[in-house]
Amino acid sequence: MDKSDVARVLAQIAALLELKGENPFRIRAYQAAARALAAIPGDLRAAHASGALGETSGIGPATLEIVDELLTSGRSRMLDDLQDQVPPGLTDMLRISGLGVAKVRQIHESLHVDSLAELEEAARDGRLARLPRFGPRTAEKILKGITFLRQASGQRLAHHARAEAVALAQMLSRLTGVREVHLAGSLRRHCELVRDLDLVLVAERDDESLHARLREAAGAVETARGGGAVSLRLEAGAAADLYPCTRDTAGWVLLRATGNDAHLAALRERAAAGGLRWEDDGLYRGDQALPLPSEQAVYDVIGLPWIAPELREGHGEIEAAVAGRLPRLVERDDLRGFLHCHTGYSDGTNTVREWADAGIAQRYAYLGITDHSPATAFAGSLQPEHVPQQHREIDAANAAQSGIRVLKGVEADILEDGSLDYAPDVRRAFEFAIASVHTRFGMDRHGLTERVLRAMDDPTMTILGHPTGRLLLSRDPFPLDLDRVFARAAERGVAIEINADPQRLDLDWRDVRRAAAAGVTISIGADAHGTAQMSHVDLGLGIARKGWLEPQHLLNVRPVDEFLAFARRRRP
DNA sequence: GCCGTTTTCGGCCCGACTGTTTTCAGTCG
């Protein structure tokens, strides 16, 4: 149970209360508590023990009691009770875009629908469209939403999957005879979505008694064996494929459990060409099994350099390895600048000073603060009259701190006509600007593309933020003509963001590589609303690496003077 | 449920869009 688990429980409680028709302000309080809890700095247990949690705004006695219960027993009685009272299908229905609590309740009460399957039936046979304030378009939209949910089912956002996998790995590493546990599969490849958790267990002996211990492992409710893997389903809902092995075969098993099918097929082809036999339990030269204790050893015998897990997608990495042209992928230590964060001036939870301190702790040389412009009213935004005050705070932080430079940035809205929010003189007061689309996604491909292209003509724009607006598992990217956007960005010297918010990871890694090939400079933006979200950068880095990016492709690898020169270059 | 007092209760964020309506409730960000 960490912060995000507890925050999820609180958010679930809020949704269930809403479905029951509770007092909206009580519901909002649980939602606020969930947000506040997710944003606290440091470890939850420590914050709870020290009493800091109770001091946090938005967290009161009721929340504290739930946190207490979750930390000691892993369960919440309130949540359990609510789940007994509300049909589970109703919470599934809430995840459909366009369906909120009021409509779900209306559907439930007037049509007695309480599962997705029944909802689908009601949408198809016309009952749904006949409800007051519903109609054919609503029914159609709901059918589309059900399809979307089905596709997404079983898929998890990378950071949720990672948290589950790490907890599982810790539990498994305590089993007798287990020496090491490694994350593998799409998680290790840093994919944006993860369906199955794959873990490799290096044990003293891979025998029946180990498998028996796995089956009896804490919380396992169902196990199955097949293809050398043990599938485990845990009480908490996580399902994982475990690959037990010994030290002698660890490299082989880890490599097989990590690469996608295309990567493995290409490796296999190359192994065959080199006279090797590829079997489930290892590589053979004649009848001789080769020792494969590390991935390096496997690549060695196939005659290739080690290939970073992020690249193992079958997108030309084998050819590049053969030619000695694998990229020198960007690493965390290459990053000098932390960009895209929000303070209390808009919808963030920390002050300028707190951000500066956090930036120092994370060894960044500079940190760009970028609050929302007024058009993003729902997020709370930095009003023009408050800009001088924020800038004085930044100047004070710079005067007081040593070792970090805080930059005056902004996340300005790209308005419907392609102009940027704020009057030009206000915008010029900022040292750099991220510009993003937050409203009117419904425009057609041509209109949206023209809107973004026009924004890039503005000389105060430095970076295009979350370019396609997608929300993983809930909203498709909007239909932007990326080729035209990349071409214009390269021509104008506008950088394009990899937004590292785990729900966005936008630009998609497949497009990152195209953008870099088109000559676009890429910027990794955390889009953090609290210092606890600084680690999002690691997810963004994973996407950059999947896009084959080297340090020279990235804007925030550059020293602060070069970063500012990049931002100023286009200004008159 | 939480906050902040006018300190033990009263107030709690809102504008735009959508698909319905024929004036607006519900959803979203």
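Proteins come first, then strands; the chains are lettered A, B, ... in the order of their sequence lines, and each starts at number 1. FYI, side chains are in, hydrogens and waters are out, and symmetry mates aren't considered; it's all heavy atoms of this structure.
Under the side chain to side chain donor-acceptor pair (under 3.5 Å) criterion, the residue pairs touching residues 493-508 of chain A are A:His340-A:Glu497, A:Thr468-A:Asp506, A:Arg470-A:Asp508, A:Glu497-A:Asn499, A:Asn499-A:Asp527, A:Asp508-A:Arg510, with sequence neighbours excluded. Within the structure, every pair that satisfies the side chain to side chain donor-acceptor pair (under 3.5 Å) test and touches residues 450-459 of chain A, not counting sequence neighbours, is listed here: A:Arg427-A:Asp458, A:Glu450-A:Arg484, A:Asp457-A:Arg488, A:Asp457-A:Arg492, A:Asp458-A:Thr460. Residue pairs meeting the ring-ring contact (aromatic ring centres under 6.0 Å, His included) criterion with at least one partner in residues 520-547 of chain A, sequence neighbours excluded, are A:His342-A:His529. Among residue pairs with one or both ends in residues 46-60 of chain A, those qualifying as side chain to side chain donor-acceptor pair (under 3.5 Å) are A:His48-A:Asp68; sequence neighbours excluded. Judged as a ring-ring contact (aromatic ring centres under 6.0 Å, His included), the pairs with a partner in residues 448-501 of chain A (not counting sequence neighbours) are, in order, A:His438-A:His466, A:Phe441-A:Phe478.
DNA chain B lies under 4.0 Å from no heavy atom of any residue of residues 8-19 of chain A.
By the side-chain contact (heavy atoms from CB on, under 4.5 Å) test, A:Gln31 is found to be paired with A:Ala14, A:Glu18, A:Ile27, A:Arg28, A:Arg35, residues two or more places apart in sequence or in another chain being considered. Legend: residues meeting side-chain contact (heavy atoms from CB on, under 4.5 Å) with A:His386, ordered by chain and number and at least two apart, are A:Tyr345, A:Leu382, A:Gln383, A:Gln389. Contacts of A:Asp84 classified as side-chain contact (heavy atoms from CB on, under 4.5 Å), with partners at least two apart in sequence or in another chain: none.
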Would you tabulate the nitrogen or oxygen pairs shorter than 3.5 Å linking the protein to nucleotides 20-24 of chain B?
residue : atom : partner  : partner atom : Å
B:dT20  : OP1  : A:Gly135 : N            : 3.1
B:dT20  : OP1  : A:Gly135 : O            : 2.9
B:dT20  : OP1  : A:Pro136 : N            : 3.3
B:dT20  : OP1  : A:Arg137 : N            : 3.0
B:dT20  : OP1  : A:Thr138 : N            : 2.8
B:dT20  : OP1  : A:Thr138 : OG1          : 2.9
B:dT20  : O5'  : A:Phe134 : O            : 3.2
B:dT20  : O5'  : A:Gly135 : N            : 3.1

Give every pair of a protein N or O atom and an N or O atom of nucleotides 1-8 of chain B that lie under 3.5 Å apart, one pair per line with the distance.
residue : atom : partner : partner atom : Å
B:dG1   : O5'  : A:Arg26 : NE           : 3.2
B:dC2   : OP1  : A:Gly60 : N            : 2.9
B:dC2   : OP1  : A:Gly60 : O            : 3.3
B:dC2   : OP1  : A:Thr63 : N            : 3.2
B:dC2   : OP1  : A:Thr63 : OG1          : 2.9
B:dC2   : OP2  : A:Ala62 : N            : 3.3
B:dC3   : OP1  : A:Gly58 : N            : 2.4

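In this structure, A:Arg332 is not positioned above the aromatic face of A:Phe338 in the sense of NZ or CZ being under 6.0 Å from the six-membered ring centre and within 45° of the axis.
Rounded to an integer number of Å, the gap from CZ of A:Arg440 to P of B:dG15 is 18 Å. Between the NE2 atom of A:His438 and the C1' atom of B:dC14 there is a distance of 17 Å, rounded to whole Å.
Counting heavy atoms of neighbouring residues, nucleotides and ligands inside a 6.0 Å radius, atom CD of A:Glu140 does not exceed 12 of them.
For A:Leu471, the side-chain atoms get nearest to B:dG29 when compared with the rest of B:dG29, B:dG19, B:dC13.
Spacing of C1' atoms, B:dG11 relative to B:dC17, comes out at 28 Å, to the nearest Å. For the C1' atom pair drawn from B:dC2 and B:dC13, the interatomic distance equals 16 Å after rounding to whole Å.
Of the side-chain N and O atoms in A:Arg28, one or more sit less than 4.0 angstrom from OP1 or OP2 of B:dC13.
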In a table with atom names and distances, give each donor-acceptor pair under 3.5 Å that connects a side chain of residues 96-108 of chain A to protein atoms at least two apart or in another chain.
residue  : atom : partner  : partner atom : Å
A:Arg105 : NE   : A:Leu19  : O            : 3.3
A:Gln106 : NE2  : A:Pro132 : O            : 3.2
A:His108 : ND1  : A:Val113 : O            : 3.1

